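Below is one structure, written out as structure tokens, with a few remarks after it.
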Amino acid sequence: MTAQESTSTRPYLIRALYEWCTDNGLTPYVAVRVDESVQVPREYVKDGEIVLNISFDATSALQLGNDFIEFKARFGGKPREILVPVGRVIAIYARENGQGMAFPPPVDVLGSPAGAPSVIEPMSAAEPAATASATASVVPLSAAEDRVVQLVSVDESKKDDGPGDDAPRPPPTAGGARPSLKRVK
């Protein structure tokens with residue numbers, strides 16, 4: 001069996017990150033690129049994307065299959081049946097810290113002529129109430145479909161303001177107090 005004949009790694013990675021989130025008491029969110037194959041409440045779709053809370057508390061009858069993610073959830077108090085093809089999932093991450101993975105978007109999102117290489121601009125995978133923002137790396141179209149990009153949290157105080165901001169900042173002084181080490185286990 002060659003790499004092109006093997007099954008996609010995307011559903012396995014989604015299940016693994018879902019399990020990691022729940023094991024660590026975090027809330028798993030999936031960002032989904034919406035088209036006619038995605039069954040979600042359209043009134044909550046913004047810029048062709050929707051972010052769904054797939055935690056145990058927010059869903060019932062959750063099935064993370066190889067082809068679809070399906071569950072029942074309430075939106076504005078109304079029960080809805082949600083059906084998302086795994087290929088439409090563009091990221092899965094923890095709401096609390098933004099850690100997770102982003103996947104290459106579906107081919108129809110690229111909007112370039114057939115066969116032409118294209119580059120996807122960095123995208124933000126954040127939910128309005130989320131405390132941490134996450135960004136995905138640039139991924140070329142010619143990359144394998146199942147290439148995975150890790151999301152990393154961006155601390156607002158550490159964002160670069162320009163090309164010359166690579167110098168380390170001096171540690172803040174706490175009124176002459178001695179610095180102390182924090183033990184990490």
Side-chain angles (χ1 to χ4, degrees), residues 1 3 5-109 120 122-139 143-155 185:
M1 181 182 282
E5 294 172 356
S6 64
T7 59
S8 173
T9 58
R10 190 178 298 213
Y12 300 95
L13 293 169
I14 290 170
R15 285 191 292 269
L17 284 166
Y18 173 83
E19 186 176 340
W20 174 81
C21 285
T22 56
D23 286 354
N24 288 286
L26 302 172
T27 309
Y29 276 25
V30 291
V32 178
R33 186 69 181 174
V34 178
D35 71 354
E36 64 280 346
S37 68
V38 179
Q39 183 180 328
V40 294
R42 300 290 182 195
E43 61 268 24
Y44 295 96
V45 174
K46 183 176 180 183
D47 297 326
E49 295 181 5
I50 188 168
V51 175
L52 300 167
N53 177 349
I54 59 169
S55 69
F56 179 77
D57 294 337
T59 64
S60 65
L62 176 65
Q63 293 290 316
L64 299 173
N66 285 348
D67 297 319
F68 295 97
I69 296 174
E70 34 187 331
F71 58 92
K72 295 175 186 164
R74 292 186 172 272
F75 289 83
K78 293 182 180 178
R80 305 280 181 101
E81 300 235 357
I82 307 301
L83 181 70
V84 177
V86 169
R88 304 301 296 178
V89 174
I90 55 177
I92 179 168
Y93 61 97
R95 180 191 71 192
E96 293 80 1
N97 60 17
Q99 290 184 346
M101 287 187 180
F103 303 99
V107 177
D108 65 326
V109 176
I120 302 160
M123 63 176 204
S124 175
E127 191 263 338
T131 56
S133 64
T135 57
S137 299
V138 176
V139 178
E145 178 186 321
D146 295 322
R147 181 172 169 198
V148 178
V149 180
Q150 183 174 3
L151 295 176
V152 289
S153 295
V154 178
D155 185 6
K185 294 184 179 181

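This one's a predicted model, so the numbers in the text were calculated from it and none came from an experiment. Quick note: residue numbers are just sequence positions, from 1.
Although no hydrogens or angles enter the test, the distance criterion places no donor-acceptor pair under 3.5 Å between the side chain of Arg33 and the main chain of Ile90. Checking side-chain atoms of Asp47 against main-chain N and O of Glu49 turns up no donor-acceptor pair under 3.5 Å.
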Exercise for the section: I would like to know whether Ile69 and Val89 meet side-chain contact (heavy atoms from CB on, under 4.5 Å); could you show each step before the answer? Expected result: CA-CA 9 Å; Ile69 296 174; Val89 174; 3.8 Å; yes

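Applying the ring pair (Phe, Tyr, Trp, His ring centres under 6.0 Å) test to pairs two or more places apart or on separate chains, those with a residue in residues 35-85 are Tyr44-Phe75. Applying the side chain to side chain donor-acceptor pair (under 3.5 Å) test to every pair with at least one member in residues 53-64, sequence neighbours left out, gives these pairs: Asn53-Ser55.
Here the closest heavy-atom approach between residue Val38 and residue Pro85 is recorded as CG2-CD, 3.9 Å. The heavy-atom pair separating Pro106 from Arg88 by the smallest distance is CB-NH1, 3.1 Å.
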Distance-only check: which donor-acceptor pairs under 3.5 Å involve side-chain atoms of residues 19-27, not counting sequence neighbours?
unit_1, atom_1, unit_2, atom_2, d
Thr22, OG1, Tyr18, O, 3.2
Thr22, OG1, Glu19, O, 3.0
Asn24, ND2, Trp20, O, 2.8
Thr27, OG1, Glu96, OE2, 2.7

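Residues Val32 and Val40 are not in side-chain contact: their nearest non-hydrogen atoms beyond the backbone lie 4.5 Å or more apart. Put simply, the side chain of Asn66 reaches to within 4.5 Å of the side chain of Tyr12, judged on heavy atoms. Side-chain contact check for Val84 versus Val30: every heavy-atom pair is 4.5 Å or farther apart. Residues Leu83 and Ser37 fail the side-chain proximity criterion, which asks for heavy atoms closer than 4.5 Å.
A distance of 11.0 Å separates CZ in Arg15 from CD1 in Ile92, rounded to the nearest 0.5 Å. From Glu70, atom CD reaches atom CG of Leu62 across 9.0 Å, with rounding to the nearest 0.5 Å. A distance of 11.0 Å separates CG of Leu64 from CG of Leu17, quoted to the nearest 0.5 Å.
When the salt bridge (Lys or Arg N to Asp or Glu O under 4.0 Å) test is applied to Glu36, no partner is found at least two apart in sequence or on another chain. With sequence neighbours excluded, the residues satisfying salt bridge (Lys or Arg N to Asp or Glu O under 4.0 Å) with Arg80 are Glu43. Remark: Arg74 pairs with no residue by the side-chain hydrogen bond (donor to acceptor under 3.5 Å, both in side chains) rule, at least two apart or across chains.
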